[in-house]
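Notes follow once the structure below has been shown.
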Amino acid sequence: MTAPENARRDRPWMFRTYSGHSSARASNELYRTNLSKGQTGLSVAFDLPTQTGYDSDHPLARGEVGKVGVPISHIDDMTALFKELPLEKMNTSMTINANAAWLLALYVATAERTGADPKKLQGTTQNDIVKEYLSRGTYIFPPEASLKLIGDIVAYTVDSIPRWNPTNICSYHLQEAGATPVQEIAYALATAISVLDQVRSRGDVPEAAIPRIVGRISFFLNSGIRFVEEICKVRAMAELWDEITLERYGVQDAKLRRFRYGVQVNSLGLTEAQPENNVIRIVLEALGVTLSKKARCRALQLPAWNEALGLPRPWDQQWSLRIQQILAFESDLLEHEDIFDGSRVVEEKTEELKREARRELDVVLEMGGTVAAIENAYMKQRLVESQTARARAIENGDITVVGVNAYTNAEPSPLMDGGQSILKVDESAEREQIERLVEFRSKRNRADVESAVQNLEDVLRNGGNVMPASIRAAHAGVTTGEWADVLRGLYGEFRAPTGVVATEGTGGSQATTDTRDRVHRLADTLGRPLKILVGKPGLDGHSNGAEQIAVKARDVGMEVVYDGIRLEPGEIAASARDEGVHLVGLSILSGSHSVLVIDVLDRLRELGLGNLPVVVGGIIPEEDADKLCQAGVRRVYTPKDFDLTRIMSDIVDVVEETSPAP
């Protein structure tokens with residue numbers, strides 16, 4: 001049926017696709033193609049070296065360049081990224097956090113270089129460092145310094161780029177790290193309060209500007225498969241945000257108190273097994289943030305069906321875009337008032353979430369806010385606990401995941417036939433990016449660079465705003481690594497608590513009890529407890545899997561060495577030697593496994609530990625897994641391997657095979 005001719009339709013949300021890979025030029029081509037297909041806003045994915053403040057030729061960048069996003073080392077990269085795109089008319093979202101000030105400075109400098117007026121720029125810098133400490137792992141500096149940098153961006157943009165969203169409070173990544181809806185609401189709102197309190201305490205922000213600043217604060221949410229609960233979650237957040245901004249910050253204009261948010265629907269729930277089922281999951285999750293008019297998202301980006309397998313291809317991203325377009329333009333979703341008004345079920349669930357989230361928010365605020373709750377590991381430990389409970393529920397069958405722990409008998413998927421089902425980044429992309437970087441450095445005016453770097457340091461040392469000095473540095477040709485090194489020298493670097501505090505358990509399923517008995521028997525044979533090292537080489541900060549392995553290993557009686565994220569292969573090898581472990585487990589989700597795993601194996605051999613068994617987990621295509629096994633890896637685990645108890649039993653098998661009795 002067609003819509004009545006006089007039907008009034010609301011304007012649809014902004015259609016985004018989170019994308020970027022290989023190089024600025026390749027990503028620019030992708031952006032222009034996506035826009036031609038009906039995408040209405042850009043969402044830029046940067047590679048991990050860019051996100052963590054390293055140039056592409058830094059040792060820690062090895063294997064990571066261009067893998068999960070676009071490498072941006074300097075202004076020429078940024079200019080190439082947005083070539084032939086009208087910046088004054090674009091709405092650009094940038095997923096960048098620890099060094100958000102630098103990427104925004106490069107964007108402003110690019111606008112100025114190409115004749116665009118920075119005051120007309122529209123878009124968002126994610127710029128939420130709290131969730132980086134808790135889940136995503138691309139932090140650089142300590143919490144207080146990071147909040148100061150966020151405040152600098154807020155203070156600068158309120159007048160200089162008035163249509164810019166300076167910070168995008170992200171509960172998305174909290175849910176990916178295991179957060180319950182209550183935790184997602186509470187910790188996101190606690191982060192927003194920390195930012196606004198920091199800004200309000202500054203001497204360069206007049207009190208009269210606070211309402212305008214509140215009006216530019218945006219949020220970035222997750223939407224999971226329990227889409228009725230997700231609808232209630234968003235309604236609860238909207239109501240709580242309205243209350244907080246009125247009561248705590250005195251914002252009288254209701255329009256400025258609106259809860260403005262974008263969404264990427266859940267990636268945690270996407271499965272490697274029967275991946276075609278992910279399309280249905282994505283559609284249902286999109287309904288959670290579009291059905292309720294009062295809580296409808298402003299922008300939406302959907303993952304692709306095959307993201308549990310690797311990087312999506314342009315066709316896969318197109319399919320996700322078409323889902324949005326069909327929902328917005330073919331359905332009658334945008335023709336009605338809020339269809340949940342008056343629903344007793346929705347209202348009661350919304351009030352329940354508000355009440356519990358308020359209680360958890362108060363806990364965080366009473367301990368001193370998010371900075372204190374990061375440093376004392378309160379929030380991180382709560383998230384690890386929630387993720388552990390979820391993992392156990394899936395393993396035990398209390399949560400059904402179709403195709404994973406139920407209904408696993410299926411026909412082969414035609415989507416997986418006939419060639420490559422994911423995008424493979426050409427390994428030459430890293431070499432070519434480094435060549436461009438070396439050439440760029442050789443052509444710079446060295447005096448201009450040194451002057452801009454010194455100015456940046458002087459400004460920050462004297463408590464000034466980072467933005468004007470960073471824009472000058474961008475024009476002068478300062479690189480991403482050089483900018484970040486100035487701030488590392490001033491603020492230092494931070495290592496967040498892991499949140500892994502579990503000890504050996506005593507209960508659990510029969511399989512868990514049996515595995516625990518095997519661990520104890522092997523310890524008797526070895527003459528000491530079975531000890532493993534869980535390591536995350538490279539820049540990948542997604543630590544959920546590593547944390548769950550560490551928790552489960554301790555639960556079954558193993559001793560575990562886990563020092564968190566961002567370790568060099570040599571550091572992992574040295575730790576394995578010094579700790580005397582029986583096995584090394586590596587977790588890599590950034591696609592850099594082909595390089596980093598081999599590097600770890602090489603470093604172990606150099607230390608005389610060539611016989612120490614290594615197992616690997618991550619998003620690893622079957623072809624790559626075969627190559628890793630040929631190189632000496634004993635086991636490779638991918639997202640389909642949800643049964644942690646079986647993995648623990650495998651570890652016992654591997655150690656029994658490779659460790660002679662004393």
Within the distance-only criterion (no hydrogens, no angle test), does the side chain of [X] pair as donor or acceptor with the backbone N or O of [Y] below 3.5 angstrom?
X	Y	result
Q433	S23	no
S575	E571	no
D152	N465	no
N376	A372	yes
R495	D563	yes
Y156	I161	no
D47	G69	no
K531	E559	no
K83	N28	no

Judged by modelled atom types alone, do [X] and [Y] share a side-chain donor-acceptor pair under 3.5 Å?
X	Y	value
S590	E64	yes
E112	H475	yes
Y491	S146	no
S451	R472	yes
T479	D55	yes
N266	Q175	yes
T167	N127	no
E547	S543	yes

For the student: nearest non-hydrogen atoms of [X] and [Y], plus distance:
X	Y	answer
T50	T480	O-CG2, 4.0 Å
A304	E307	N-OE2, 3.0 Å
N455	A469	ND2-CB, 3.6 Å
A631	I598	CB-CD1, 3.5 Å
F46	T95	CD1-O, 3.5 Å
N34	Q317	ND2-OE1, 3.8 Å

**OP:** Evaluate the side-chain hydrogen bond (donor to acceptor under 3.5 Å, both in side chains) criterion for residues S386 and Q183: first the C-alpha distance (whole Å), next the side-chain angles of each, then the deciding distance (0.1 Å), finally the verdict.
**Re:** CA-CA 9 Å; S386 297; Q183 291 168 338; 3.0 Å; yes
**OP:** Decide if atom CG of D578 counts as having more than 12 heavy atoms of other residues, nucleotides or ligands within a radius under 6.0 Å.
**Re:**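 Enclosed: over 12 neighbouring heavy atoms sit under 6.0 Å from CG of D578.
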**OP:** Mark yes when over 12 heavy atoms from residues, nucleotides or ligands other than E606 sit less than 6.0 Å from its CD; otherwise mark no.
**Re:** yes
How long is the span from the [atom1] atom in [X] to the [atom2] atom in [Y], to the nearest 0.5 Å?
X	Y	atom1	atom2	value
S171	F219	OG	CZ	8.5 Å
L490	R461	CG	CZ	5.0 Å
L309	T638	CG	OG1	8.5 Å
I96	T138	CD1	OG1	6.5 Å
S93	L42	OG	CG	9.0 Å
L383	L174	CG	CG	6.0 Å

Considering only heavy atoms from C-beta outward, does the side chain of [X] approach that of [Y] to under 4.5 Å?
X	Y	answer
H582	I532	no
H74	V478	no
V130	S194	no
L103	T125	no
Y139	I565	yes
V600	R603	no
L539	R566	yes
L456	L487	yes

Original post:
Given D128 and F220, is the side chain to side chain contact (heavy atoms under 4.5 Å, CB included) satisfied, shown in steps?
Top reply: CA-CA 10 Å; D128 171 10; F220 188 67; over 6 Å; no
Original post:
So Q198 and V371, side chain to side chain contact (heavy atoms under 4.5 Å, CB included) or not? Walk me through it.
Top reply: CA-CA 11 Å; Q198 200 281 341; V371 170; over 6 Å; no
Subject >> Aromatic plane relationship, F494 with Y133 - under 30° parallel, 30 to 60° tilted, over 60° perpendicular >> reply: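 It falls in the perpendicular class, over 60°.
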**OP:** Just say parallel, tilted or perpendicular for the rings of W483 and W102, cut-offs at 30° and 60°.
**Re:** parallel
**OP:** Evaluate side-chain hydrogen bond (donor to acceptor under 3.5 Å, both in side chains) for N544 paired with E176, printing each intermediate quantity in order.
**Re:** CA-CA 8 Å; N544 302 339; E176 295 290 294; over 6 Å; no
Original post:
D76 pairs by salt bridge (charged side-chain N to carboxylate O under 4.0 Å, His left out) with which of R436, K443, R113?
Top reply: R113
Less than 4.0 angstrom from a charged side-chain N to a carboxylate O is my criterion; do [X] and [Y] meet it?
X	Y	value
E482	R444	yes
K67	D540	no
E435	R431	yes
D316	R313	yes

**OP:** Go through N97 and R136 one step at a time and tell me if the side chain to side chain contact (heavy atoms under 4.5 Å, CB included) criterion holds.
**Re:** CA-CA 10 Å; N97 295 279; R136 195 165 171 273; 3.5 Å; yes
**OP:** Evaluate salt bridge (Lys or Arg N to Asp or Glu O under 4.0 Å) for E623 paired with K627, printing each intermediate quantity in order.
**Re:** CA-CA 7 Å; E623 176 186 348; K627 292 178 180 177; 3.6 Å; yes
Original post:
Is the Lys NZ or Arg CZ of R488 less than 6.0 Å from the centre of Y54's six-membered ring, within 45° of the axis?
Top reply: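 Cation-pi check for R488 and Y54: passes.
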Original post:
Run the side chain to side chain contact (heavy atoms under 4.5 Å, CB included) check on Q126 and M94 step by step: do they pass?
Top reply: CA-CA 6 Å; Q126 192 166 96; M94 296 191 285; over 6 Å; no
